[in-house]
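For reference, the structure is listed below as structure tokens.
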2 protein chains.
Amino acid sequence: MPPSEGAMRATTLNDVARRAGVSIATASKALNGRDDVAAATRARVLAAAQELSFTPNEMARGLLAGRTGTVGLLTSDLEGRFMLPILMGAEDAFGAGQINVFLCDARGDAIREQHHLKALLSRRVDGIIVVGRQTDPRPSLGQDLPVPVVYAYAPSDDERDLSLTPDNYAGGRMAVEHLIACGRTRIAHVSGDPSYAAAQDRLAGARSALSAAGLELVGDPMFSEWSEHWGRDSSAMLLARHPEIDAIFCGSDQLARGVLDTARDLGRNVPDDLAVMGYDNWELLATNSRPQLTSIDANLQQLGRHAAQRVFDAIDGVDVGEGVHHLPVRLVIRGSTIARR
Amino acid sequence: MPPSEGAMRATTLNDVARRAGVSIATASKALNGRDDVAAATRARVLAAAQELSFTPNEMARGLLAGRTGTVGLLTSDLEGRFMLPILMGAEDAFGAGQINVFLCDARGDAIREQHHLKALLSRRVDGIIVVGRQTDPRPSLGQDLPVPVVYAYAPSDDERDLSLTPDNYAGGRMAVEHLIACGRTRIAHVSGDPSYAAAQDRLAGARSALSAAGLELVGDPMFSEWSEHWGRDSSAMLLARHPEIDAIFCGSDQLARGVLDTARDLGRNVPDDLAVMGYDNWELLATNSRPQLTSIDANLQQLGRHAAQRVFDAIDGVDVGEGVHHLPVRLVIRGSTIARR
DNA sequence: CTGTTAGCGCTTTCAA
DNA sequence: TTGAAAGCGCTAACAG
């Protein structure tokens, strides 16, 4: 019995050929637009295909062609804020190129990741993009895979792999340069978990901008967790101990939201008394605060598209390349650093 | 020339058979654990497969089996807050069942959706889950598809399709019942875009709970957009006009965040002077506010798993069913409605 | 127990 | 211009 959906066995090229009264080979040629088919024959075949709503079986086609027109997207954890834009960028790029994407979520588990990798290989994907949730290096899938692999966001720990990751150092520098350009000189830093490479890189970038201007951070960088709560608490401590602070550079927009909250509680006007910068340019947070948050955008969707493009190229035989590439980030200026007029 | 990755043509069953010195059929049996193979032979085959790191070609296998072990996830827009949990639930359920998921994002464009649908059918997916971004009915993909289809979140406009969507009416009722149970009697409602079914359903549910208690909404429901800004502005208006309000039920957590902000500005203590409820239980927003937000959780991940389960069943020949199913939601109580002690 | 044979749906020579 | 035949990698009959 056929499945309930009014289903039936999908129509095959054979059905089309028979209905059009030609051989299966001729039908194939007609449908694929090859020019050694009589116009009348082609018309008949196309009509038949239409009537039977024929859709060629890509699996069979792939078997012949040796490529499937599919790629695997291996994420370590869909949950994260950073996955989605990368996913979208990649899906977008591939979709335009008639490639379909297998989505696999390893849930942060190495065993599950191996399972999924195996599954992807058995499906003969033409390439794989590995998306990690942090910018800390992650274990390589290895060099002996039969398909090209690109690492996005979380770089591979093996230099022979190609990794695309946002340039957090440049982001940190850019942020502080902006604050300095706004006339601020007593700048503090609030960040999240210090074990994150992102936290350290952004801080290092910030420090390079400061020392280039002959300045130093006010107080120690405040590390703890990437939460709004910590943004509130850390800034309260900072401002109590160093009331002269005129700008706080935050390692995330969440932290910055917390800082804004504290500033209001303390009656410090933002941006006049105190400039506040976020990081990530998470629109939900950045555009709904009062004032809106100046932030650094890592262009993640573009990063996803880039990764897809590399896989594309690799499929076409271009060497995929290697090393960790730090992709440019972008400053988005809003009201938390410059008063709107 | 082989692709750079140290690639090479993937090893086939033929390679394994030759290396083990058996026929290709025997190799197949040995690898698939059929019992009509001598132990010694099996060992030899397994060893050979291991050495060549053989992975069976699922496409070839699928060609024989008539099923591919893949399903399509057709989303209308990845951007949304509601996609991700559903996606995760479905991916999770399928992953455990050795099924791989094609992710297709139509970007809210009907033409692109048709393209993707066609692509999925040509890949001979065994089923499709259509995920919409709102709970308003969406156009059906049609009844004459060769695979089972389940609609998640956004129901199909055709009753013959199976749709799973959260029970917003029950959510609205549940929210107001909770507020009443907390002793509130002067309850107002702030919501987003009134053209959303979600907005109307939640309001209708809220009203049913109110009238069951012999109460009425204070003031008109405040509709505009689903933003924190509107939460701030609308509640300021409400509280100015109706200072007696002792609870505000919000149509989203974003709105509720805005309401909390205004309450603080006006010096109204939450929850003592004013109880505030959100909707969606978006943890990022709900757990980072002061106080944390009581909210309604639509169990979206579970909804995704359900949808996957239905597709599973349909693949196994069980009728997929039909009609719009409203899945239960859940109250999550935090500090914005009950003072913590 | 093992190997031979016949396909799954399609594309691609190569004759007719 | 058309069709017969081979074969992509695999499994499922059947003979041996």
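Lettering of chains follows the sequences in order, A, B, ..., and the numbering in each one begins at 1. Atom set for the values below is all heavy atoms of this structure, side chains included, hydrogens, waters and symmetry mates excluded.
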Practice item. Residues of residues 20-31 of chain B with any non-hydrogen atom less than 4.0 angstrom from an atom of DNA chain D: list those, numerically ordered, please. Key: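 The answer is I24(B), A25(B), S28(B), K29(B).
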
Point to revise | Residue whose closest nucleotide on DNA chain D lies nearer the 5' end, E58(B) versus T41(A) | key: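 First, find each residue's nearest nucleotide; the 5'-ward one identifies T41(A).
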
Compare every heavy atom of [Y] with every heavy atom of [X], then report the nearest pair and how far apart it is.
| X | Y | result |
| --- | --- | --- |
| G69(B) | D126(B) | N-OD2, 2.6 Å |
| R123(B) | F102(B) | CD-CZ, 3.4 Å |
| R124(B) | T68(B) | O-OG1, 2.7 Å |

Point to revise | Bending between helix ends of the helix from dC1(C)-dG16(D) to dA16(C)-dT1(D) [5 pairs per end, 10° resolution] | key: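 The value is 50°.
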
Check your understanding: With a 4.0 Å cut-off on heavy atoms, is R34(B) in touch with a base, just the backbone sugar-phosphate, or nothing at all?
Key ->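 R34(B): backbone/sugar contact only, no base atoms under 4.0 Å.
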
Practice item. Determine the contact category for D36(B): base if any of its heavy atoms lies under 4.0 Å from a base atom, sugar-phosphate if only primed atoms, P, OP1 or OP2 are that close, otherwise nothing. Key: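 Base, at least one base atom sits under 4.0 Å.
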
**Study point:** Exceeds 12 heavy-atom contacts within 6.0 angstrom, atom CD of Q301(B)
**Key:**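 Counting neighbours around CD of Q301(B), more than 12 heavy atoms of other residues, nucleotides or ligands fall under 6.0 Å, so yes.
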
Practice item. Count the heavy atoms of every other residue, nucleotide or ligand shown that sit under 6.0 Å from NE2 of H115(A), and state whether that count exceeds 12. Key: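 Count not over threshold, so no.
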
Point to revise | Verdict with supporting geometry, S140(A) and D161(A), side chain to side chain donor-acceptor pair (under 3.5 Å) | key: CA-CA 8 Å; S140(A) 172; D161(A) 293 320; 2.5 Å; yes

Review point. Should S163(A) and T165(A) be marked as a side chain to side chain donor-acceptor pair (under 3.5 Å) after you check the CA-CA gap, both sets of side-chain angles, and the distance that decides it?
Key: CA-CA 6 Å; S163(A) 305; T165(A) 191; over 6 Å; no

**Study point:** side-chain contact (heavy atoms from CB on, under 4.5 Å) partners for A93(A), two or more places apart
**Key:**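 Residues passing side-chain contact (heavy atoms from CB on, under 4.5 Å) with A93(A): R305(A), A308(A).
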
Practice item. For F312(B), check side-chain contact (heavy atoms from CB on, under 4.5 Å) against everything at least two apart and list the hits. Key: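 For F312(B) the side-chain contact (heavy atoms from CB on, under 4.5 Å) partners, ignoring immediate neighbours, are F94(B), I99(B), Q309(B).
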
Is any NZ, NE, NH1 or NH2 atom of the basic residue among [X] and [Y] found under 4.0 Å from an Asp or Glu carboxylate oxygen of the other?
| X | Y | value |
| --- | --- | --- |
| D92(B) | R107(A) | yes |
| R138(A) | E113(A) | yes |
| R18(A) | D15(A) | yes |

Check your understanding: Between the side chain of S53(B) and the main-chain N/O of Q50(B), is any donor-acceptor distance below 3.5 Å?
Key ->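 Such a contact is absent between S53(B) side chain and Q50(B) backbone.
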
Point to revise | Residue whose nearest DNA chain C nucleotide is more 5′ - R61(A) or A39(B) | key: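 Result of the comparison: A39(B).
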
**Study point:** Closest-nucleotide ordering on DNA chain C, the 5'-leading residue of R44(B) and R124(B)
**Key:**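 Mapping each residue to its closest nucleotide by heavy atoms, the 5'-most match is R44(B).
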
Review point. Quick one: how far along DNA chain D does chain A reach, first to last nucleotide 5' to 3', anything under 4.0 Å to a heavy atom?
Key: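 Contact span on the strand: dT1(D) to dG9(D).
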
Exercise for review: On DNA chain C, reading 5' to 3', which nucleotide is the first and which the last to sit with an atom under 4.0 Å from a heavy atom of chain A, could you check?
Suggested key: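 Going 5' to 3' along DNA chain C, contacts run dG9(C) to dT12(C).
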
